[in-house]
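Structure, as structure tokens:
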Amino acid sequence: TMMRQHSFNVVPTEKPIWIPDEEASYCRLCDNNFNIVQRRHHCRSCGQVVCESCSTQKKVLKHMKDSVRHRVCDLCAVQHDITL
């Protein structure tokens, strides 16, 4: 199958704009389609919709203005670690 192109910024300093659920039929990282078993999760860092397998980490995010660790996609998790 042909892989979809992904382009989004990671580790924003402002609250991201969330992609609406109805506009996300597949995970933005692994391309798996969402269904009853494969649920959608919003990355609190970039706002993209990803599956549980692609959002395995939680990070403290500057734009959330708290010390709580929030769900992030694996791409943002890696970028977050690099920029600290």
Side-chain angles (χ1 to χ4, degrees):
T1 64
M2 186 175 187
M3 294 296 287
R4 298 174 178 113
Q5 292 292 325
H6 305 292
S7 62
F8 46 93
N9 295 323
V10 295
V11 193
T13 55
E14 297 179 10
K15 185 176 178 180
I17 297 173
W18 279 23
I19 304 300
D21 284 349
E22 56 274 4
E23 291 182 18
S25 60
Y26 62 91
C27 174
R28 296 306 199 252
L29 293 183
C30 72
D31 292 325
N32 285 333
N33 289 324
F34 294 121
N35 54 46
I36 293 172
V37 177
Q38 185 84 337
R39 296 184 53 222
R40 293 168 177 85
H41 296 280
H42 279 89
C43 173
R44 293 341 190 243
S45 183
C46 68
Q48 290 293 325
V49 183
V50 296
C51 68
E52 183 175 15
S53 297
C54 291
S55 58
T56 60
Q57 298 188 48
K58 293 184 176 183
K59 301 288 182 178
V60 174
L61 302 173
K62 293 178 185 177
H63 69 271
M64 297 298 264
K65 298 184 172 107
D66 59 24
S67 59
V68 177
R69 293 164 40 100
H70 298 273
R71 178 188 293 267
V72 296
C73 71
D74 292 349
L75 181 62
C76 285
V78 169
Q79 186 67 30
H80 182 274
D81 292 342
I82 292 170
T83 58
L84 288 180

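These numbers come from the heavy atoms of this one structure, side chains and all, not from hydrogens, waters or symmetry mates. Sequential numbering from 1 along the given sequence is applied to the chain's residues.
When the side chain to side chain contact (heavy atoms under 4.5 Å, CB included) test is applied to Glu23, the partners found at least two apart in sequence or on another chain are Ile19, Pro20. Evaluation of the side chain to side chain contact (heavy atoms under 4.5 Å, CB included) rule for Val60 yields Arg69 as partners, not counting sequence neighbours. Asp66 pairs by the side chain to side chain donor-acceptor pair (under 3.5 Å) definition with His70, not counting sequence neighbours. Partners of His42 according to the ring-ring contact (aromatic ring centres under 6.0 Å, His included) rule, which considers only residues two or more places apart in sequence or in another chain, are Trp18. Every residue meeting the side chain to side chain donor-acceptor pair (under 3.5 Å) condition with Thr56, not counting sequence neighbours, appears here in chain and number order: Asp74.
Residues Cys27 and Val49 fail the side-chain proximity criterion, which asks for heavy atoms closer than 4.5 Å. With contacts defined as side-chain heavy-atom distances shorter than 4.5 Å, the pair His63/Pro16 qualifies. Taking the side chain as every heavy atom from C-beta outward, Cys76 and Cys46 approach each other to under 4.5 Å.
Counting only distance, with no hydrogens or angles, the side chain of Arg40 and the backbone of Cys51 share no donor-acceptor pair below 3.5 Å.
The hydrophobic cluster around Val37 extends to none of the other residues, as no ILVMFWY side-chain heavy atom falls under 4.5 Å of it.
Put simply, OH on Tyr26 and CG on Asn33 are 9.5 Å apart, with the number rounded to the nearest 0.5 Å. Once rounded to the nearest 0.5 Å, the distance linking CG of Asp21 with NE2 of His41 reads 10.5 Å. Note that CZ of Arg28 is 12.0 Å distant from SG of Cys73, once rounded to the nearest 0.5 Å. Interatomic distance, CZ of Arg44 versus NZ of Lys59, reported as 16.0 Å (0.5 Å rounding).
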side-chain contact (heavy atoms from CB on, under 4.5 Å) between Ser55 and Val72, worked out | CA-CA 6 Å; Ser55 58; Val72 296; over 6 Å; no
Intermediate values then yes/no, side-chain contact (heavy atoms from CB on, under 4.5 Å), Arg39 and Glu52 | CA-CA 7 Å; Arg39 296 184 53 222; Glu52 183 175 15; over 6 Å; no
